[in-house]
Number of protein chains: 2
Amino acid sequence: MAKPNSPITEHLAYLLAQANREINRQLELRLSKEGVPVEQWRILKVLSDGDGHSMGELADAVLLNHPTLTKMIDRMVSDTLVYRVQDPNDRRKVLMFISDRGKVLCKKLNSLAVDQEEHILESYGDKSTSELKRLLESLIDSSN
Amino acid sequence: MAKPNSPITEHLAYLLAQANREINRQLELRLSKEGVPVEQWRILKVLSDGDGHSMGELADAVLLNHPTLTKMIDRMVSDTLVYRVQDPNDRRKVLMFISDRGKVLCKKLNSLAVDQEEHILESYGDKSTSELKRLLESLIDSSN
DNA sequence: CTTCAATTGTTGAATATTCAATATTTTCAA
DNA sequence: TTGAAAATATTGAATATTCAACAATTGAAG
């Protein structure tokens, strides 16, 4: 009598993919009001500390690999949301900065994103949300 | 005095994306031993109940949209891992089945995936893992 | 019945992503 | 100081994904 294999829906990798897909879909929907993909919002948000960030740093922070980021930044430069400056201390590097136009857009996007977080808090609960965040952070930690 | 906006790393959407990326990367690495992408493993696993599944059903189950699934199934049919049968009860539908070769491959992939789950259990802990799964399931539920 | 809308799956063109190769600059050892 | 190796970012070709249009079948209202 063979033990049946666990269905795909019980695997952690699958649950993560499913939850990520759903939450991302919802966020995408909100941000589409401003015609901006989620990744661009992440980029703007990281850059909105005003410091210059190298492409490598950015790629890590926004979960994109380098060539994809380069091409997305090209578009954002065309849209004058961000700009490149060569790092004076290490001329291999390029430092990315957010423009004034980028800052304005980022604020609008932030409030759309906050809307979503609030919506999650309502339907999912305060306690579950913070507990889930805690567990995710610790999973990410333990994977390095 | 303006309140600083919460950094991207505190958003649930971001934490999910990050955790998903990392766990998926690890799984991908294991499955690459058999040269199979994660999505194909999911497809094989869903089909391994032996029943016929329509493309629509499958697309939902494996988190791919229809055209992407069609093209991936095309490849898997070429590799004789799965095959198509027209649904006799509704001739718009196509029923997908796993082949014997597919079953053999699926078993190997399952054990690679189980390896990973065990690795996670070790470094992350039994309790955290099951609690995280529970919370993810409930988040997915509350999003429908 | 007949026709029109809805469902299901595929296709082709447009778009996006990835891999490997490249160019540039820096680091560091000899 | 020089030359080789490492780090950083970009490019172009190959690959994959997505969007919109299509074809086929079914459902359902008149």
Side-chain angles (χ1 to χ4, degrees), chain A residues 17-18 20-22 24-29 31-32 35-43 46-47 51-79 81-97, chain B residues 17-18 20-22 24-29 31-32 35-43 46-47 51-79 81-97:
Chain A
Q18 197 182 1
N20 178 52
R21 187 180 161 88
E22 179 58 26
N24 204 57
R25 200 189 55 76
Q26 288 174 18
L27 181 57
E28 210 164 48
L29 199 65
L31 299 190
S32 71
V36 174
V38 175
E39 290 79 12
Q40 290 198 15
W41 172 58
R42 289 201 197 121
I43 292 171
V46 169
L47 295 186
D51 301 343
H53 293 266
S54 74
M55 293 296 280
E57 252 182 282
L58 250 191
D60 283 350
V62 305
L63 314 176
L64 291 176
N65 47 22
H66 291 215
T68 306
L69 178 64
T70 291
K71 284 153 191 170
M72 183 160 288
I73 289 287
D74 286 347
R75 285 188 287 267
M76 295 176 77
V77 169
S78 299
D79 296 341
L81 297 171
V82 300
Y83 57 94
R84 291 178 162 99
V85 175
Q86 195 171 74
D87 186 336
N89 297 118
D90 183 342
R91 281 156 47 206
R92 290 169 302 182
K93 293 187 184 175
V94 171
L95 298 181
M96 298 303 313
F97 291 90
Chain B
Q18 198 182 0
N20 179 52
R21 187 181 161 88
E22 180 57 26
N24 204 58
R25 199 190 55 75
Q26 289 173 17
L27 182 57
E28 210 164 48
L29 198 67
L31 299 189
S32 71
V36 175
V38 174
E39 290 79 11
Q40 290 198 14
W41 172 58
R42 290 201 197 121
I43 292 170
V46 169
L47 295 185
D51 301 344
H53 293 266
S54 74
M55 293 296 279
E57 252 182 284
L58 249 191
D60 284 349
V62 305
L63 315 177
L64 290 176
N65 48 22
H66 292 216
T68 306
L69 179 64
T70 292
K71 284 153 192 170
M72 183 161 287
I73 289 287
D74 286 347
R75 284 188 288 266
M76 294 176 78
V77 169
S78 299
D79 295 342
L81 297 171
V82 299
Y83 57 94
R84 291 177 164 99
V85 175
Q86 194 170 73
D87 186 337
N89 296 117
D90 184 342
R91 280 156 47 205
R92 289 169 301 182
K93 293 187 184 175
V94 171
L95 298 180
M96 297 303 313
F97 291 90

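Within every chain, numbering begins at 1; the chains are lettered A, B, ... in the order of the sequence lines, protein sequences first and strands thereafter. The structure presented is a predicted model; accordingly, all values stated were derived computationally and were not measured.
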Quiz prompt | Short side-chain donor-acceptor distance under 3.5 Å, B/Glu22 and B/Gln26 | solution =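 Per modelled atom types, B/Gln26 and B/Glu22 side chains form a pair under 3.5 Å.
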
Quiz item: Got a salt bridge between A/Arg25 and A/Glu28, using NZ or NE/NH1/NH2 to carboxylate O under 4.0 Å?
Solution: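 No.
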
Tell me: [atom1] of [X] to [atom2] of [N], nearest whole Å?
X	N	atom1	atom2	value
B/Glu39	D/dT15	CD	C1'	14 Å
A/Ile73	C/dA16	CD1	C1'	16 Å
B/Arg21	C/dT18	CZ	C1'	12 Å
B/Lys93	C/dT10	NZ	C1'	17 Å
B/Lys71	C/dG9	NZ	C1'	12 Å
B/Arg75	C/dT10	CZ	P	14 Å
B/Arg92	C/dT10	CZ	P	14 Å
B/Asp74	D/dA16	CG	P	12 Å

Please tabulate, one pair per line, all N/O donor-acceptor pairs under 3.5 Å involving side-chain atoms of residues 60-67 of chain A, not counting sequence neighbours.
| from | atom 1 | to | atom 2 | distance (Å) |
| --- | --- | --- | --- | --- |
| A/Asn65 | OD1 | A/Thr68 | OG1 | 2.8 |

Quiz item: Taking DNA chain C as the partner, which of residues 53-70 of chain A come within under 4.0 angstrom of it by heavy atom?
Solution: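 Output list: A/Asn65, A/Pro67, A/Thr68.
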
Quiz prompt | Contacting residues from residues 84-91 of chain B, given that a heavy atom lies under 4.0 angstrom of DNA chain D | solution =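 Of all residues in residues 84-91 of chain B, the ones placing a heavy atom under 4.0 Å from DNA chain D are B/Asp90, B/Arg91.
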
Quiz item: Can you tell me how far CE of B/Met76 sits from CG of B/Leu47, rounded to the nearest 0.5 angstrom?
Solution: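 It comes to 7.0 Å.
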
